[in-house]
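What follows is a single structure, written as structure tokens, with notes after it.
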There are 2 protein chains.
Amino acid sequence: MSCEEKATQKLSERGFRITPQRRVILHILMHANAHLTPTEVYEEARKSLPSLRETTVYRTLEFLTQVGLAQEAFSKTSKSAYEISDYAHHHLICRKCGKEVEIPHVKMKPLCEDIETETGFQLMQNHLSFFGLCPACQKN
Amino acid sequence: MSCEEKATQKLSERGFRITPQRRVILHILMHANAHLTPTEVYEEARKSLPSLRETTVYRTLEFLTQVGLAQEAFSKTSKSAYEISDYAHHHLICRKCGKEVEIPHVKMKPLCEDIETETGFQLMQNHLSFFGLCPACQKN
DNA sequence: ATCCTTATTGCAAAAACTTGCAATAAGGAT
DNA sequence: ATCCTTATTGCAAGTTTTTGCAATAAGGAT
């Protein structure tokens, strides 16, 4: 477990503490090839840190999201899940089969800038989920 | 209670049944000036229909969303809430003070069309929530 | 190495949400 | 008006998520 060094360093620099719980959860998110629900993270994390509680998982996922290391995504059922926030992207999800396609942030940029100038808001890099029907499911 | 006639008629035409529960919930959503959480809908609906249960509220809100009469929105804390789906719009929410600004769907249209042609997906009119900091909160 | 401050975790209980199954009641047919 | 079918609701139990408070342990200071 050393791949999450960069991440923990960032935390440390910003005055947050590094705990075994945060290490494990970061590690799991970094090695997941999909987004995980809090429960999935919990089950996985317990294997190496049995004393970990759900409460902490929920709070840690939220914390990591706040500081920008993780981001909330959504699954087919639009229940929430989390993933490492390594680069800005968004999801397009098929409501029927669950298929996911990634939408790069660059596509969204003009819209975001438009919104920012018009409203004066400063947007957070939030992860958006579009829902629809994939080409295959449209035929049925 | 008659303002929800049009809505119930739509249901009826599509083969769904009209029940007192659905009537009450539709009525509440139509007279709310903001989006409501399931619990808020429940509390309000109970006043005129004490036998109503939470379970039914959750299921009805989901049902109304499926058939397009309601839509899921998000509050400051990104917990889910619902509102009547009378016209397509999206929300921009301040993470700090909770202030909300509406984003008309027309702003999003070019992006949506771009996504549709590029991915072959057929998008659902989903309600998106952008998060950020409002002008006032940026100063603090 | 030890102490101190306080951020972070765990605990316990509550609140929010989901699920399967049996009972009820819409709404069409007789 | 009554009956029938089955969509919809309620019930009960389970799962997920949140919250306040006390205990713990990071990490800086001595």
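A note on names: the letters A, B, ... follow the listed sequences, proteins ahead of strands, and every chain is numbered from 1.
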In this structure, how many angstroms lie between the [atom2] atom of [N] and the [atom1] atom of [X], rounded?
| X | N | atom1 | atom2 | result |
| --- | --- | --- | --- | --- |
| A:Tyr42 | C:dT9 | OH | C1' | 13 Å |
| A:Leu52 | C:dG10 | CG | C1' | 10 Å |
| A:Glu43 | D:dT17 | CD | P | 12 Å |
| B:Leu36 | C:dA16 | CG | P | 14 Å |
| A:Glu40 | D:dT16 | CD | C1' | 13 Å |
| B:Glu62 | C:dT18 | CD | P | 7 Å |
| B:Glu54 | C:dA14 | CD | C1' | 13 Å |
| B:Leu61 | D:dT8 | CG | P | 15 Å |

Quick one: stems for DNA chain C, with Watson-Crick or G-U pairs under 3.5 Å, at least three in a row?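 Consecutive-pair runs (3 or more) involving DNA chain C: C:1-30 with D:1-30.
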Under a side-chain separation threshold of 4.5 Å, the hydrophobic residues clustered together with A:Phe130 are A:Leu92, A:Val101, A:Ile103, A:Met108, A:Leu111, A:Ile115, A:Phe121, A:Leu123, A:Leu128, B:Leu92, B:Val101, B:Ile103, B:Met108, B:Leu111, B:Ile115, B:Phe121, B:Leu123, B:Leu128, B:Phe130
So side chain to side chain donor-acceptor pair (under 3.5 Å) across residues 113-124 of chain A, not counting sequence neighbours, yields A:Asp114-B:Lys107, A:Glu118-B:Lys107
Next on the checklist: Would the distance check show the side chain of A:Gln21 and the main-chain N or O of A:Leu49 forming a donor-acceptor pair, the cut-off being under 3.5 Å?
Outcome noted: no
Expected string for nucleotides 20-30 of chain C under the B/S/- scheme (protein heavy atoms, under 4.0 Å, primed atoms plus P, OP1, OP2 as sugar-phosphate) is B----BBS---
Measure from the side-chain heavy atoms of A:Arg53 and tell me the nearest of C:dC11, C:dT18, D:dT17.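 From the listed options, C:dC11 comes nearest.
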Of all heavy-atom pairs linking A:Ala7 and A:Leu69, the shortest is O-CD1, 4.0 Å
Would you say [X] reaches [N]'s phosphate, i.e. side-chain N/O to OP1/OP2 under 4.0 Å?
| X | N | answer |
| --- | --- | --- |
| A:Tyr58 | D:dT18 | no |
| A:Lys79 | C:dT18 | yes |
| A:Thr56 | C:dT8 | no |

Hydrogens and angles aside, do A:His31 and A:Glu44 bring a side-chain donor and acceptor to less than 3.5 Å of each other?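 Side-chain D/A pair, A:His31 to A:Glu44: absent.
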Review point. Are the side chains of B:Tyr82 and B:His35 in touch, meaning some heavy atoms are under 4.5 Å apart?
Key: no
Cut-off 3.5 Å, no hydrogens considered: what does the side-chain donor-acceptor table look like for residues 8-16 of chain B, sequence neighbours left out?
| from | atom 1 | to | atom 2 | distance (Å) |
| --- | --- | --- | --- | --- |
| B:Thr8 | OG1 | B:Glu4 | O | 3.3 |
| B:Thr8 | OG1 | B:Glu5 | O | 2.8 |
| B:Arg14 | NH1 | B:Val67 | O | 3.2 |

message: Let me check something: do B:Val24 and B:Ile18 share a hydrophobic cluster, defined by ILVMFWY side-chain heavy atoms less than 4.5 Å apart, either directly or through other members?
response: yes
With sequence neighbours left out, the residues meeting side-chain hydrogen bond (donor to acceptor under 3.5 Å, both in side chains) with B:His90 are B:His105
